[in-house]
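Every chain is numbered from 1 and lettered A, B, ... according to where its sequence line falls, protein lines coming before strand lines. Keep in mind that this is a model prediction, so the values were computed, not measured. Values below: every heavy atom of this structure, side chains too, minus hydrogens, waters and symmetry copies.
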Amino acid sequence: MERARELGTDRIQVEVEAGARALLEVEDLESIRSVLAENYPQALVSGQSVSGNSAIEGKGKAYLVASDEGEIAARSLRLLEGRWFKEAADPPEVVLEQPLVAALPAAESGSPIGQMLWADPASSRYRRIGLGGEIPPTARSWLVVGVIQSPGESKVNPLGFGEDRRFSGMIESALQMLGVAPVEAPWMTGGMSLHVDRASLKAAPVDWMVVSVDPSRVNSARVLVEETLIRRGKAPLLYANAAWSILASPELDGYLVLHDVFFVVTVVIGLLVLINLLLLTGRRRRGEVGLRRAEGATRADIFWQFLWEGVLISLVGAILGVGVGVVVAHLRAGLDPSAVMTATLPWKTAIEAVLIATTGAAIACAAPAWAVSDVEPSLLLREGR
Amino acid sequence: MRGLPGILRNSLLSIVRHRMRSLLVVSTFALGLASVVAIVGTIEGGRRTISHDLEALGTDLVALINPLRLGSLSIGVKTEGRPLVMEDVASIQQQLQGSTDSVSPIRIDLGLSTTPRGTMRHTILATIPEFVSVLRPGMLAGRFLQRQDRWPTEDGDEIPAAIDEALAEILFGDPVLAIGQTVRCIRDGRAFSAMIVGVVKDPLLLRQYMSAFDSTSSARSIPARRLQFLNLYLPWRPEIDQPQLLLVDAPGVDDVDEIAARLEKIIASEKLGVFLHVQKRWTSVVLDIIDRFSGLGHFIWILDLVVVLILTGTISLLAIDESLEEVALRRAEGATVLEVMLPVLLEGVWLSLAAMVPGIFVGQLILQYGIEPVLGWSSWLPPRMIFGTCIGLMTTGLLGSMLPALRVANLDPAAVLGGRRDL
């Protein structure tokens, strides 16, 4: 579940299109909370309003995120220091993302916790942000109570694609062609956001909603959220982990049949080649077989010798095949690491494949082994071997 | 027997003398070809179905879309300016009069519809009757919206509506039975009742496949969701509705560029801020992406043939040892290098030729019973591809015999006949 949360498989992100007739509102948030509470008691719902007109002198843009107490759990944010803010606290509280702390002018002590963060709207078109020191009279201020890790470090976008992936990039391009434009929200991933209580700012529309539910129930929760918002006259876009939906789809089992079809074809080709090789090597080794027969070996002895040879060849081949497959998978994962992918050894599948190949080889080798064992030493002597 | 008849006879004799080996090599070739046929048939079938679905969306359409965020859906020009309004639609209709099949304003909303069978989220399109020219597959039952279909003046009266076949199937079971039935809908947060007057035939062959794996449909922009063909079509309200989309239907694909150019001029002169979306160009870009993915698939069958080549080559190399003494004897009797080498090469060609019919047959069986029921689209083997794979297999047979043929060519008859088999 921890890994599932890291990859955002428990999450549904909701927004409306830029230019849409109706924006999301706090009332929509409350409505979704109440609908989900009836059907998914464990669900977490949070809403964020984002203002991008803040800046740290000489360090660039920062984002003021008006949010609520549920955001840390709903977005699986990781607290590095202190705690999350409390709603309606006096003085109002703020939580900073770690890269933002590093960008702020050096604080008096090592930690920003307990210091006042201020935002001064008067100085320019950007709201100037500072930590500690003399607070300008026109500034608003918050008490810093916590520092969180940058959410962008997970490198997974709202559709569950690794942002460091070239292949993901190709899929995203294809999705864009079909009208799915994965969100570009620097406040979510840039590490330059400061999170405050929505009540401490003037009421603003909700730009984003985040819903977190049990990953296995994301699809049904998504339908409920979408229906609730449509009933309220909104046209929402909902982002949820695409790969998880596909993996959870019952249709996928049907598609895995294709994998089995090609596995069977490959194994049959391998066995045909093995039979042929045994027949040919058996003919080349007629002298050796004749000698063993002359020394007293029975036809069964020869049969078992060639049968075991065939089985051993297929066993070694199958084990080598599994080994090479695992090495290639690890090489691929090592050379081109990804946040959403790790190489593992599928023990069950590997053992099944080895067993099928070896058993098939034992059955397939029986006929050529029996044919090879049919050597008369007297005939060989007559041929002058 | 010398010369060509001798070469042919020797190559066929070698096959007859080693029946079991020949049968196994033919089986290996046939299975290799069968898997190639299965892969090619799947890829080409998928590609053809996708092309059909894309073309069913209309390659002779040009759309002006008010500036919502659309990803890269709108291949074309994005302009800065004011949004498109109903007055612009009337002006464009007038300017393009006679040179298009229709110019239809469209309003697209996300809506909910409920029948006793359940509730479904889908797009609701408000448009004018001329929009029917855009619906390539035509009507499955009933008729499309007509001039007399209007919004009622009294609250609570039913609104005439057309519905897409796939949506009708979800809401009513049998799409044809939807005619004359009422559905309760929500659009823009307001509830109303719609009475179905027509069912639009579904243009998408990939419907089942799309619904199973389209996990990103909720993230798709609202105008793009129209192309899922899960739409309810409502009459346009002239004084109330504003267009999100203006769809221009050119008479043919060849007329698209000229109409797009005229629209560009209108956009510039009216200073409109819209996307100019030319469906023909978009289709071409999407097909190009699909071609790239199919290219990867074709790489797999080439790899498959290489594996078959290695396997049969190994067998042939081992098998030739059996015939070395016979070949040496023929060389000693005066046969040329070509006369002993060509039968070995021809043997591989005959065996690959013998594998072609069973290979294609087994491949078709794999497609018919293993792949088509799972994927949900029909496989397709273009004659060109069948010819290509057969040539590929014959080349594989020829290349597989190359090493044994070289061994035979370099054979020293005296050494072999002297009992030395250390070549």
Side-chain angles (χ1 to χ4, degrees), chain A residues 17-22 158-159 170 173-183 219 222-223 226-227 229-246 249-252 254-255 257-258 261-262 265-266 268-270 272-273 275-277 279-281 283-284 368 371, chain B residues 20-21 24-25 27-28 31-32 34-35 38-39 42 66-73 75 83 109-112 119 121 186-190 212-213 215-225 227 282 285-286 289 292-293 307-308 311-312 314-315 318-319 321-322 366 370-371 373-375:
Chain A
E17 283 174 317
R21 273 196 299 274
L159 284 171
M170 277 169 66
S173 305
L175 284 174
Q176 282 179 359
M177 298 301 301
L178 300 170
V180 178
V183 285
N219 285 343
R222 187 172 56 175
V223 171
E226 194 176 22
E227 283 186 5
L229 289 170
I230 293 172
R231 280 180 205 283
R232 295 181 59 80
K234 309 294 156 81
L237 298 184
L238 286 84
Y239 299 90
N241 192 299
W244 179 260
S245 295
I246 291 170
S249 153
E251 284 84 359
L252 188 69
Y255 286 78
V257 170
L258 295 183
V261 168
F262 285 104
V265 171
T266 313
V268 173
I269 291 179
L272 283 173
V273 171
I275 294 169
N276 228 334
L277 284 175
L279 276 176
L280 286 167
T281 49
R283 286 185 70 81
R284 290 186 73 181
Chain B
M20 178 57 82
R21 191 186 74 207
L24 290 169
V25 172
S27 307
T28 308
L31 276 172
S35 57
I39 294 167
T42 308
N66 264 335
L68 292 172
R69 193 184 64 199
L70 289 171
S72 310
L73 179 70
I75 298 291
D109 294 273
L110 259 189
L112 270 181
T119 299
R121 307 164 317 284
I186 295 178
R187 183 182 80 162
D188 218 5
R190 294 194 188 109
F213 283 106
S215 56
T216 55
S217 61
S218 297
R220 184 162 299 137
S221 74
I222 312 302
R225 282 191 218 188
L227 301 176
W282 175 75
V285 173
V286 175
I289 291 174
R292 274 186 236 166
F293 276 101
V307 170
V308 171
L311 294 176
T312 51
T314 311
I315 291 169
L318 282 170
D321 276 2
E322 292 296 312
I366 295 175
I371 295 176
V374 176
L375 284 181

### Message
Between B:G189, B:S217, B:P83, B:A34, who has the most heavy-atom pairs with chain A when the cutoff is under 4.5 Å?
### Response
B:G189
### Message
Which atoms of A:R232 are under 4.5 Å from chain B, going by heavy atoms: the side chain, the backbone, both sets, or neither?
### Response
backbone
## Note on the structure
So, the part of A:P368 with a heavy atom under 4.5 Å from chain B: the answer is neither
### Query
Closest approach of B:S221 and A:L237, non-hydrogen atoms and distance?
CA-CD2, 4.1 Å
Measure the spacing between [atom1] of [X] and [atom2] of [Y] and express it to the nearest 0.5 Å.
X: A:E226; Y: B:L110; atom1: CD; atom2: CG; answer: 6.0 Å
X: A:E17; Y: B:I222; atom1: CD; atom2: CD1; answer: 5.0 Å
X: A:I230; Y: B:D188; atom1: CD1; atom2: CG; answer: 11.5 Å
X: B:I186; Y: B:D109; atom1: CD1; atom2: CG; answer: 12.5 Å

### Query
Is it the side chain or the backbone of B:L112 that comes within 4.5 Å of chain A heavy atoms, both, or neither?
both
### Query
Heavy-atom distance under 4.5 Å to chain A: side chain of B:R225, backbone, both or neither?
side chain
